[in-house]
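Note that this is a predicted model, so its numbers are computed, not measured. Here is how names work: the chains are called A, B, and so on, in the same order as the sequence lines, proteins then strands, and each is numbered from 1.
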4 protein chains.
Amino acid sequence: MTDTSAPGREPDPAAPLGVAVVGAGYWGPNLVRNFQSSPRFRLRWLCDLDVARAQRVLGGYSTVRATSDYAAVLADPSVDAVAVATPAGTHLDIALAALRAGKHVLVEKPLAATYADGARLVAEAEERGLTLMCDHTYCYTPAVGRIRELVRSGELGEIHFVDSIRINLGLVQKDIDVMWDLAPHDLSILDFILPDNVEPVAVAAHGADPIGAGQACVAYLTLQLNTGAIAHVHVNWLSPVKVRTTMVGGAKRTLIWDDLNPAQRVAIFDRGVDLAAPQEIGADERRDMLISYRSGDMIAPAIGEKEALRSMVDEFADAIRERRAPLTDGRAGLRVLDILEAASRSLEFRGAVVGLRAGR
Amino acid sequence: MTDTSAPGREPDPAAPLGVAVVGAGYWGPNLVRNFQSSPRFRLRWLCDLDVARAQRVLGGYSTVRATSDYAAVLADPSVDAVAVATPAGTHLDIALAALRAGKHVLVEKPLAATYADGARLVAEAEERGLTLMCDHTYCYTPAVGRIRELVRSGELGEIHFVDSIRINLGLVQKDIDVMWDLAPHDLSILDFILPDNVEPVAVAAHGADPIGAGQACVAYLTLQLNTGAIAHVHVNWLSPVKVRTTMVGGAKRTLIWDDLNPAQRVAIFDRGVDLAAPQEIGADERRDMLISYRSGDMIAPAIGEKEALRSMVDEFADAIRERRAPLTDGRAGLRVLDILEAASRSLEFRGAVVGLRAGR
Amino acid sequence: MTDTSAPGREPDPAAPLGVAVVGAGYWGPNLVRNFQSSPRFRLRWLCDLDVARAQRVLGGYSTVRATSDYAAVLADPSVDAVAVATPAGTHLDIALAALRAGKHVLVEKPLAATYADGARLVAEAEERGLTLMCDHTYCYTPAVGRIRELVRSGELGEIHFVDSIRINLGLVQKDIDVMWDLAPHDLSILDFILPDNVEPVAVAAHGADPIGAGQACVAYLTLQLNTGAIAHVHVNWLSPVKVRTTMVGGAKRTLIWDDLNPAQRVAIFDRGVDLAAPQEIGADERRDMLISYRSGDMIAPAIGEKEALRSMVDEFADAIRERRAPLTDGRAGLRVLDILEAASRSLEFRGAVVGLRAGR
Amino acid sequence: MTDTSAPGREPDPAAPLGVAVVGAGYWGPNLVRNFQSSPRFRLRWLCDLDVARAQRVLGGYSTVRATSDYAAVLADPSVDAVAVATPAGTHLDIALAALRAGKHVLVEKPLAATYADGARLVAEAEERGLTLMCDHTYCYTPAVGRIRELVRSGELGEIHFVDSIRINLGLVQKDIDVMWDLAPHDLSILDFILPDNVEPVAVAAHGADPIGAGQACVAYLTLQLNTGAIAHVHVNWLSPVKVRTTMVGGAKRTLIWDDLNPAQRVAIFDRGVDLAAPQEIGADERRDMLISYRSGDMIAPAIGEKEALRSMVDEFADAIRERRAPLTDGRAGLRVLDILEAASRSLEFRGAVVGLRAGR
């Protein structure tokens with residue numbers, strides 16, 4: 001269906017896209033399941049260095065082929081796209097090879113191990129006119145979709161603060177700290193929901209490794225936004241309870257997203273502090289008289305329960321077919337890498353504020 | 001009962017201590033109620049610049065005297081002790097006058113407006129052999145008492161992290177920021193529960209004033225402890241929901257205190273990440289093999305519901321009678337002021353880490 | 001202020017009503033506190049057979065008189081009203097004496113030990129033109145007030161079911177079972193919120209005394225309403241957790257009141273099952289095609305936090321002054337007694353359905 | 001592998017059991033998934049009258065055969081067992097045919113549409129020495145397994161009461177009421193956890209059909225146990241929120257199972273009311289002095305998260321291989337049918353108590 005001499009050629013819209021998943025570890029099986037259930041795709045291969053593991057993931061009833069031969073996958077003309085679910089350190093090589101073979105590419109978060117690597121992938125895809133998408137899964141949950149609408153439509157008013165907590169008894173990683181493991185979720189969500197003219201400009205990070213694991217197991221990131229607003233992320237591998245809560249405070253309303261409360265994932269509060277605008281204030285000492293408090297209703301909107309990964313793979317297909325950037329494209333992945341790298345530098349320098357690269 | 005020529009003289013143990021409350025604003029009425037219900041005290045006066053307000057607090061059925069004449073209160077020999085519930089900026093003058101009149105003194109948090117002021121009060125009280133106590137109310141809740149036992153007895157193991165959240169739609173203050181308003185609670189609790197050999201050595205603070213109130217309405221404090229552990233405090237006046245949760249992570253167990261959940265204020269989790277001690281590890285690359293996870297039971301101990309303020313006033317009486325330092329003495333108040341001042345400096349310098357004065 | 005020859009005479013609207021509280025046990029102190037804080041009343045006496053207990057309730061700073069001489073209380077012309085907070089078995093004698101002395105009367109729930117006793121009180125008060133009020137405290141909570149509005153205004157649509165749970169580790173009573181102890185709350189709330197044309201017509205009760213306490217410690221009441229709707233009450237002294245939840249299901253919306261969740265006491269759900277009206281259905285077998293489901297938003301309205309007892313005593317004063325029936329008058333107390341007596345008969349006869357007296 | 005002349009012949013223990021699923025509706029897909037993931041089984045067929053639906057359930061990548069020809073399935077010697085996930089009214093015919101073809105049978109709850117039908121299946125299976133199992137899925141959750149241990153080991157003490165709530169906005173069924181739809185879960189759990197010498201002896205049921213659906217949409221069942229204990233079940237299709245909570249009250253401890261709280265599914269409370277034994281009581285009037293209250297800790301045991309259906313299919317395989325009754329055998333399904341039929345009769349007769357057939 002695709003050949004390397006004509007990369008990015010629009011496939012037959014009547015036919016499903018051929019796809020291969022690379023990596024049969026933690027996340028790969030979820031991609032396998034969702035590509036299989038989407039009529040937009042035809043899953044061709046599951047590729048893993050450990051072919052037995054790939055076979056186990058497919059199970060005893062599948063017609064999908066398992067392989068450890070990535071070159072064969074890339075050589076298969078029925079493969080239009082490759083989904084990479086391997087460790088971050090391998091993303092550059094695997095994704096680059098796929099792009100060079102003319103395949104569209106979906107990469108697990110983080111996009112790459114470094115900003116520089118990620119930038120190479122973005123450049124390669126853009127040169128070739130191929131779709132490069134980062135699997136920022138949470139952006140495809142119905143809840144985050146709704147939050148994005150609420151924030152970008154102005155229903156919350158100007159954003160004042162964002163506070164995100166993502167903690168649980170996590171698998172301590174050998175090669176990456178808790179910040180690189182968990183914060184990409186919060187940072188990609190932040191990137192996704194903020195209006196185009198609002199962006200982080202600097203980050204400070206504090207962390208600790210109280211168990212002697214060799215890297216931070218508890219970390220706090222504080223992001224300064226260009227509007228004066230503040231965003232804060234708490235990630236923690238040592239918490240005995242699982243918390244996944246994000247509060248988005250706005251001038252008009254404040255919302256709380258509790259991802260672990262299926263009965264009420266998003267709650268929008270018409271409560272807050274109002275301050276008369278400066279020009280309306282005669283003298284500084286009268287300021288306190290002009291503070292008022294709203295204590296209105298809370299609304300928990302009905303939100304559907306569509307699986308995020310399914311929406312994500314559908315977006316991947318649509319972006320390929322429509323030859324447009326996906327909602328979470330390589331550049332979004334790059335912006336997240338920028339913050340992660342700056343946060344790592346801040347951690348090294350005991351919490352010093354580190355500026356971010358400009359521009360969304 | 002007391003005269004100024006013999007300050008600190010042990011009162012007749014059979015008789016209740018005469019006490020006067022200064023300040024009939026937000027907190028004073030609570031002190032009035034608790035001094036009245038304690039047989040250890042006899043409430044003599046409620047003093048406020050606005051005597052009508054003091055009268056309203058006492059109500060139409062009380063035999064307690066209201067006054068705006070503080071000098072008369074200090075001159076009353078039946079007054080053994082003075083409880084100060086006025087704005088922080090007035091603590092120094094009011095408390096100093098009381099100490100100089102030979103009265104024992106209880107002061108609302110924070111002890112004073114500055115560390116220097118607080119230090120003057122501590123010195124004055126020590127010179128005169130009078131009791132100076134800081135009303136760190138939360139330390140007298142049954143929950144915090146239990147937490148102190150659990151931490152100091154070693155039941156949690158070495159403390160790895162403390163994470164405290166105290167947020168709600170708060171009254172934006174004219175003269176102090178959210179950090180000075182709310183963090184004294186978390187910092188006094190931290191001071192109270194930590195073992196004697198564990199203490200904060202530095203602090204960084206990040207804040208924002210997104211509504212233009214003139215001071216930070218959202219703030220994050222990160223404390224570095226001398227053991228390598230980390231403590232973090234989130235205080236926020238703009239949250240539409242009230243959260244008061246503290247997590248104390250230890251090497252053996254982790255506890256969560258949720259002050260707003262009367263059915264289960266304290267939960268102790270036998271869950272965590274264990275790492276084999278360094279000497280047991282042959283090579284660095286084998287470290288990941290030596291991580292193990294505990295996923296044991298949770299226990300929510302039965303905890304009584306005694307009012308904290310009542311325990312606090314009883315401790316004040318006992319400390320006076322037994323001529324010993326109260327559990328939350330002036331020095332505890334001073335340590336909290338030290339952190340608050342350092343945190344304010346950090347805020348000014350965009351989150352720079354600021355060292356604390358040495359020694360508990 | 002009042003004399004027995006002119007019962008019910010409207011008191012001077014400028015002066016507070018003189019009131020005496022009878023009973024210094026569990027509930028009396030709450031009445032004492034609220035009468036003291038209401039400018040509409042002047043508390044004259046606290047009367048208890050055990051005068052020392054009454055004195056302890058008043059505390060060491062009160063100008064209110066304690067007494068064990070009820071006759072003296074009734075003879076005091078400055079006493080306009082008597083509040084009775086004694087065991088149910090004594091309500092008849094105490095309240096009757098007060099009415100005969102020309103006093104307005106407030107009685108703790110249940111109104112009396114039997115329907116017959118309660119009816120005597122109602123008759124006596126009506127003959128004398130005196131106010132007889134039953135302290136159905138929950139009806140004066142802001143939450144129940146709001147629920148009453150929502151139900152009676154038709155915002156919920158026709159009521160389909162009411163399910164109420166009131167369980168906790170309760171004090172096992174010597175003389176009354178769990179139904180008489182706790183269900184009066186639920187039954188008085190039901191009586192209060194239902195529209196005038198909706199009423200219970202029959203009750204069945206099931207109970208158990210598994211600990212051998214001598215009376216039911218667990219009980220379930222099922223009420224049949226005249227509209228075909230069902231109401232159900234679960235009361236239980238043996239539950240280790242406290243639950244106080246009432247669900248009111250309507251044709252348009254359903255609400256849940258959780259009295260133990262101060263952050264969200266009332267939640268109104270725009271969710272439900274809709275059925276096309278019978279005339280719209282051609283054939284019975286097509287019925288299933290005409291069922292539809294709404295899955296709309298939930299709204300938790302902002303509700304104030306005024307103390308119910310304070311609103312209750314204010315209503316008592318207003319009803320006396322305005323010479324009108326209070327919101328929870330003797331007749332409301334009587335309707336609750338009717339259900340309780342029928343439920344007791346049902347318990348005796350293993351859950352047989354027992355009809356209620358007609359008419360609200 | 002199996003032939004009809006030798007029903008129940010023990011299959012080769014080294015080989016997986018061949019299985020066919022009948023019914024590709026709501027529940028069938030879950031059985032398909034779990035049989036596929038269990039090495040104890042080899043899924044041979046998915047059979048449905050609508051073969052396209054069966055094909056859709058299998059998806060585009062499966063090697064399992066879809067068919068609408070049940071006779072062909074039964075004629076296939078590689079099919080050792082049949083799992084029936086069709087409407088209850090069809091269970092008798094489908095299961096009977098399978099048993100007569102020498103197949104072991106797993107049937108969705110309820111076992112059959114009537115007690116008489118269920119009894120025929122039990123008799124047929126017993127005569128042929130075949131395994132007949134009822135898929136009481138909840139009994140295979142780790143939580144219910146733990147509860148069974150706690151109850152049957154005596155750790156809770158004698159059971160005093162069981163209170164079960166299973167409500168949500170449910171699919172109103174055309175052919176069965178809410179009791180037959182939802183209560184089988186609670187009744188099968190009750191049957192599973194109670195000690196062998198404790199059993200229900202009578203049931204009363206109250207219900208309502210406030211939306212005019214043609215059958216009860218809200219129902220309450222009260223079960224009398226042979227010990228004097230009480231069990232109560234609330235099932236409801238009209239609740240806007242989903243609740244699945246069971247409280248099991250015992251003489252020593254009480255537990256609460258909240259199936260929707262993954263962080264704390266089971267909580268065991270050392271709280272309760274103790275009564276001195278009768279012989280210790282001198283006189284009846286002293287009884288109240290001998291009541292005491294325990295207010296001890298709560299323990300939430302760590303409980304794994306194994307999928308119940310997977311444990312259920314494994315138990316099916318083990319019971320077949322070991323030629324023993326499965327944990328939830330046909331007789332358990334029959335006991336549940338007995339209660340359901342009695343409850344339906346009670347509903348007809350306005351809540352009259354209906355006795356149950358004797359014997360577990």
Quiz item: Hey, what do you get for CD (B/Q224) to NE2 (A/H206), rounding to the nearest 0.5 Å?
Solution: 10.0 Å

Practice problem: Name the member of A/T227, A/L171, A/D209, A/I159 that forms the most heavy-atom pairs with chain B at distances under 4.5 Å. | Solution: A/L171

Quiz item: If you count heavy-atom pairs under 4.5 Å between each of B/H232, B/R350, B/M298 and chain A, which one has the most?
Solution: B/H232

Quiz item: Can you tell which of A/R271, A/H160, A/R253 has the highest number of heavy-atom pairs within less than 4.5 Å of chain B?
Solution: A/H160

Practice problem: Measure the OH-NE2 distance between A/Y220 and B/H234 for me, rounded to the nearest 0.5 Å. | Solution: 11.5 Å

Quiz item: Is chain B contacted by the side chain of A/N236, its backbone, both, or neither, given a heavy-atom distance below 4.5 Å?
Solution: side chain

Quiz item: Hey, which of A/I256, A/I230, A/I165, A/V218 has the most heavy atom pairs under 4.5 Å with chain B?
Solution: A/I230

Self-check item: Smallest separation among heavy atoms of B/A208 and A/G228, with atom names
Solution: CB-O, 4.1 Å

Quiz prompt | Proximity breakdown for A/L238 and chain B, heavy-atom pairs closer than 4.5 Å | solution = both

Self-check item: Working for side-chain contact (heavy atoms from CB on, under 4.5 Å), residues B/V241 and A/F269
Solution: CA-CA 9 Å; B/V241 295; A/F269 295 85; 3.3 Å; yes

Self-check item: Part of A/S239 within contact of chain B (heavy atom distance under 4.5 Å)
Solution: both

Quiz item: Of the backbone (N, CA, C, O) and the side chain (C-beta and beyond), which part of B/L169 lies under 4.5 Å from a heavy atom of chain A, both, or neither?
Solution: side chain

Quiz item: Does a sphere of radius 6.0 Å around CG in B/L49 hold more than 12 heavy atoms from other residues, nucleotides or ligands, not counting ones at 6.0 Å or beyond?
Solution: no

Quiz item: Can you name the nearest heavy-atom pair linking A/G170 to B/Y293, along with the distance?
Solution: O-CE2, 3.3 Å

Self-check item: Between A/T254, A/D163, A/V353, A/D270, the one whose heavy-atom pairs under 4.5 Å with chain B are most numerous
Solution: A/D163

Quiz item: So which part of B/E158 gets closer than 4.5 Å to some heavy atom of chain A, the side chain, the backbone, both or neither?
Solution: neither

Quiz item: For A/R294, is it the side chain, the backbone, both or neither that has a heavy atom under 4.5 Å from a heavy atom of chain B?
Solution: backbone

Quiz item: Does B/P240 reach the side chain of A/M247, with side-chain heavy atoms less than 4.5 Å apart?
Solution: yes

Quiz item: At a heavy-atom separation under 4.5 Å, does B/F349 approach chain A through its side chain, its backbone, both, or neither?
Solution: neither

Quiz item: Side chain, backbone, both or neither: which part of A/A202 has a non-hydrogen atom closer than 4.5 Å to chain B?
Solution: side chain

Self-check item: Which of A/G272, A/A204, A/G207 touches chain B most, by non-hydrogen pairs under 4.5 Å
Solution: A/G272

